[in-house]
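Since we're looking at a predicted model, the values are computed, not measured. Starting from 1, each residue takes its place in the sequence as its number.
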Amino acid sequence: FVPVAEEAGLVGAIGEWVLRTACRQIRQWQDAGYSLQIAVNVSAVQARHTDLVKEVIKACEKHDVVPSDIEVELTESSIMDNLQKISPAFSKLRGIGVTIAVDDFGTGYSSFAYLRDLPVDVLKIDRSFIMNIEDKRRDRRILKTIIALGRDLCLDIVAEGVETQGQADILMSYECRTVQGYLFARPMPAKEFEAAFLS
């Protein structure tokens with residue numbers, strides 16, 4: 001879907017709609033007494049060709065939320081392909097309080113230099129590193145190293161694609177405190193989320 005939207009020149013408009021929708025949902029939850037941050041995936045095209053900072057500020061102001069209620073995620077490979085153009089945008093976003101996350105960490109170039117130079121708050125470890133940790137010692141060692149690296153860099157670590165309790169237990173033993181995956185829930189509409197987790 002995203003590549004087709006990019007080719008059609010629609011990804012900017014779609015990305016703006018997603019951002020506004022996230023801010024509207026945050027406002028609805030805050031009005032109901034809940035304080036939640038929403039992560040918004042951003043495409044490389046959107047980050048490169050739009051004024052992402054202005055879009056975030058506009059969406060936040062429209063729905064009376066603060067930028068710190070938003071987390072912006074971009075895949076590692078997209079970051080590495082567009083580092084020079086994306087880095088200034090990330091710096092500005094972080095400057096207004098937006099959380100910056102690297103999605104699918106480990107699947108791109110995995111150049112540690114960008115972790116040193118890019119303003120990043122969260123590393124989201126790709127599910128390919130999680131899938132076999134119950135059976136493969138080598139995968140566990142790599143995972144443990146990534147978690148230790150992130151911790152040493154004072155980054156929050158999120159393990160993606162957790163589908164079994166065994167995987168969750170291993171991650172907890174490595175002090176990875178934030179995980180996501182089908183073990184806990186599949187994607188769902190806001191109303192179902194409220195009924196399952198907020199009521």
Side-chain angles (χ1 to χ4, degrees), residues 1-32 34-83 85-105 107-108 118-127 156 158-161 178-182 184-198:
F1 173 78
V2 173
V4 172
E6 288 176 346
E7 283 181 30
L10 296 172
V11 77
I14 293 169
E16 194 174 341
W17 174 83
V18 170
L19 191 56
R20 287 196 313 266
T21 302
C23 288
R24 185 175 68 245
Q25 187 60 64
I26 290 168
R27 169 46 47 208
Q28 289 174 0
W29 280 333
Q30 287 179 351
D31 289 345
Y34 304 111
S35 179
L36 299 171
Q37 185 185 59
I38 292 184
V40 177
N41 291 94
V42 174
S43 81
V45 172
Q46 185 183 4
R48 200 169 58 235
H49 294 302
T50 64
D51 192 333
L52 194 53
V53 181
K54 283 185 180 177
E55 284 185 10
V56 169
I57 291 172
K58 185 178 175 182
C60 287
E61 288 177 347
K62 180 176 176 62
H63 295 286
D64 192 25
V65 299
V66 294
S68 58
D69 292 328
I70 296 289
E71 175 182 293
V72 166
E73 296 183 2
L74 197 64
T75 62
E76 181 183 47
S77 56
S78 295
I79 289 170
M80 293 306 298
D81 287 342
N82 303 277
L83 189 59
K85 293 184 178 179
I86 287 172
S87 184
F90 275 14
S91 293
K92 290 176 184 175
L93 285 169
R94 204 171 183 219
I96 63 170
V98 174
T99 300
I100 304 296
V102 177
D103 198 14
D104 299 341
F105 180 76
T107 59
L118 194 68
V120 170
D121 303 293
V122 182
L123 288 185
K124 300 190 76 173
I125 304 171
D126 187 73
R127 65 182 300 274
D156 291 331
V158 178
E160 299 181 299
T178 307
V179 295
Q180 67 180 56
Y182 291 167
F184 307 100
R186 291 180 178 266
M188 64 184 72
K191 290 296 182 187
E192 289 182 26
F193 176 80
E194 290 168 19
F197 298 103
L198 300 182

Within the side chain of [X], is there an N or O that forms a donor-acceptor pair under 3.5 Å with the backbone of [Y]?
| X | Y | result |
| --- | --- | --- |
| E71 | T99 | no |
| Q37 | S68 | yes |
| S87 | L83 | no |

[X] side chain near [Y] side chain, heavy-atom distance below 4.5 Å:
| X | Y | result |
| --- | --- | --- |
| F105 | V120 | no |
| V56 | L19 | yes |
| M188 | F197 | yes |
| I26 | H63 | no |
| D156 | T178 | no |
| Q30 | D69 | yes |
| I100 | P119 | no |
| E160 | D103 | yes |

Value rounded to 0.5 Å, distance of [atom1] in [X] from [atom2] in [Y]:
| X | Y | atom1 | atom2 | value |
| --- | --- | --- | --- | --- |
| R24 | D64 | CZ | CG | 15.0 Å |
| L74 | I86 | CG | CD1 | 4.5 Å |
| Q46 | E55 | CD | CD | 5.5 Å |
| R27 | K62 | CZ | NZ | 13.5 Å |
| K58 | D51 | NZ | CG | 11.0 Å |
| D104 | S78 | CG | OG | 8.5 Å |

Closest contact, heavy atoms only, [X] versus [Y]:
| X | Y | value |
| --- | --- | --- |
| I38 | A22 | CD1-O, 3.6 Å |
| C23 | I70 | SG-CD1, 3.8 Å |
| E73 | A39 | OE2-CB, 3.2 Å |
| S43 | V11 | OG-CG2, 3.4 Å |
| W29 | L36 | CE3-CD1, 3.5 Å |
| L198 | Y34 | O-OH, 2.8 Å |

